[in-house]
Amino acid sequence: MTRLRYDDIFHISEQLTKYDSDLRRIIDMGLNELGAAAAGANLTELQKYIKGECVGIVPITSGEGIINSFSQTIKSIIDFTGLTSFITNATDVAGIAEAVERKATMLFIADDATCKLLHLKKSIIADNSECTSRGFATALKNKIKNSDKKKITILGAGPVGQMAAKNLKADDIEIIIYDIDKEKMDTAANNLGIGTAKSLQEALDKSNFYFEATTSINTIKENDIKADTFIAAPGVPLGIDETVIKKHADRIITDTLEIGVITMVFTILEKLSII
Ligand SMILES: NC(=O)c1ccc[n+]([C@@H]2O[C@H](COP(=O)([O-])OP(=O)(O)OC[C@H]3O[C@@H](n4cnc5c(N)ncnc54)[C@H](O)[C@@H]3O)[C@@H](O)[C@H]2O)c1
């Protein structure tokens, strides 16, 4: 997981409504519909479980410290789902105590390595990497269902890439994974029962649907974009060449927090709905 910078997130709160309508145009689902679908449920059903829930967002100072505007951005994304939230005045352990005192039913906590939403009474945990992977995979699945070319290339065999493979694996979808670390790639491919490629170019040549989960820039370039290419790209920094982003914006979904955090919320609500 790459540590986010202020520059990666400062725009999110102001642009949530626009991002939501862009997503609706590109994948036929807004952020909340996508989050609910990624949790395996219907949005209207899950919204019934929002009432009475409140998220305490606790700033955490460990590691390299608090990222400017991170807690405010998380609050704006959580509030977009219809949930109530607040940011604690205190940080760390004192912040957790404050959240409980102020009757939070859930805690949002993140450090440089881990990002979780916890339901305090029901002992339910949603993990950001897992939810991000499932959210972006759900969007890609929604696009590939209408295509007759059912092959997906996953770039990056870290937790996010591997969880995407698990989520995308279906009888009619062939998955290829590629990682610059060959040993990691081969181990992941063996465990997951999916294919590999000898090079980045071979991986991209093999399919029209890409899941970009690396930590590198410029992995996908203009000559990798075919007539019906679609890219789900949670990777930070974004592994897509800038000219591709500008020219093919309607064939790319990418963000640094929104889909993952919204999927975390709906993952918890879905679990509440079946308890
Ligand atoms: N957008 C979000 O909300 C969100 C949430 C969680 C993680 N992420 C990002 O998703 C990405 C994947 O997360 P992760 O935890 O699996 O990361 P990771 O660092 O564990 O794995 C990344 C993998 O990509 C491989 N890689 C790097 N450059 C490559 C290249 N040019 N070609 C092929 N493989 C390459 C690395 O060898 C590594 O195995 C990271 O960039 C992370 O920051 C985004």
Side-chain angles (χ1 to χ4, degrees), residues 1-5 7-9 11-12 16 19 23 31 34-35 38 63-64 67 70 73-74 76-78 80 108 110-117 126-140 152-168 175-189 191-192 194-207 210-221 224 231-241 245 252-267:
M1 191 161 89
T2 314
R3 182 182 150 88
L4 292 172
R5 299 160 309 144
D7 282 359
D8 297 320
I9 61 171
H11 62 281
I12 291 178
L16 263 182
Y19 183 47
L23 262 191
L31 274 168
L34 176 58
E64 289 181 47
I67 301 162
F70 182 78
T73 304
I74 295 298
S76 69
I77 299 171
I78 290 174
F80 196 78
F108 190 101
D111 61 19
D112 293 347
T114 310
C115 174
K116 306 274 188 195
L117 180 61
D127 173 74
N128 179 262
S129 290
E130 197 272 319
C131 289
T132 299
S133 182
R134 194 150 34 80
F136 278 86
T138 302
L140 197 55
I152 295 173
T153 293
I154 297 175
L155 301 179
V160 172
Q162 291 196 42
M163 286 184 280
K166 281 189 196 143
N167 281 302
L168 290 165
I175 314 265
I176 295 143
I177 198 158
Y178 176 73
D179 198 294
I180 40 169
D181 181 335
K182 187 174 176 336
E183 201 181 322
K184 195 171 179 179
M185 171 178 77
D186 289 341
T187 307
N191 292 340
L192 293 159
I194 57 177
T196 60
K198 287 193 182 69
S199 65
L200 174 64
Q201 199 55 55
E202 185 188 303
L204 293 169
D205 286 347
K206 278 188 175 180
S207 90
Y210 308 143
F211 190 99
E212 209 289 321
T214 76
T215 43
S216 291
I217 55 165
N218 295 337
T219 45
I220 301 172
K221 304 200 175 64
D224 302 313
I231 311 169
V236 181
L238 182 56
I240 307 176
D241 187 86
I245 301 168
I252 301 167
I253 60 158
T254 184
D255 69 48
T256 52
L257 277 174
E258 298 91 313
I259 290 176
V261 172
I262 285 199
T263 302
M264 290 165 88
V265 167
F266 284 105
T267 296

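Indexing begins at 1, ligand by ligand and atom by atom, following the structure's order.
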Is there side-chain contact between [X] and [Y], with heavy atoms separated by less than 4.5 Å?
{"X": "Ile253", "Y": "Ile259", "result": "yes"}
{"X": "Leu257", "Y": "Phe70", "result": "yes"}
{"X": "Thr132", "Y": "Thr263", "result": "no"}
{"X": "Leu34", "Y": "Ile262", "result": "no"}

List in chain and number order the residues that pass side-chain contact (heavy atoms from CB on, under 4.5 Å) with Ala137, two or more places apart in sequence or in another chain; answer none if no residue qualifies.
-> Asn167, Leu168, Phe211

Is any side-chain N of the basic residue among Asp8 and Arg5 closer than 4.0 Å to the acidic one's carboxylate O?
->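 Yes, Asp8 and Arg5 are salt-bridged.
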
When you pair each N or O of ligand 1 with protein N or O atoms, which pairs come out under 3.5 Å?
unit_1, atom_1, unit_2, atom_2, d
ligand 1, 1 (N), Pro234, O, 3.0
ligand 1, 1 (N), Asp255, O, 2.8
ligand 1, 3 (O), Thr256, O, 3.1
ligand 1, 15 (O), Met1, N, 3.4
ligand 1, 16 (O), Pro159, N, 3.1
ligand 1, 16 (O), Val160, N, 3.0
ligand 1, 28 (N), Ser216, OG, 2.6
ligand 1, 31 (N), Ser216, OG, 3.3
ligand 1, 34 (N), Ile180, N, 3.3
ligand 1, 37 (O), Asp179, OD1, 2.6
ligand 1, 39 (O), Asp179, OD1, 3.4
ligand 1, 39 (O), Asp179, OD2, 2.6
ligand 1, 39 (O), Lys184, NZ, 2.7
ligand 1, 41 (O), Thr214, O, 2.9
ligand 1, 41 (O), Val236, N, 2.9
ligand 1, 41 (O), Val236, O, 3.0
ligand 1, 43 (O), Thr2, N, 2.8
ligand 1, 43 (O), Thr2, OG1, 3.0

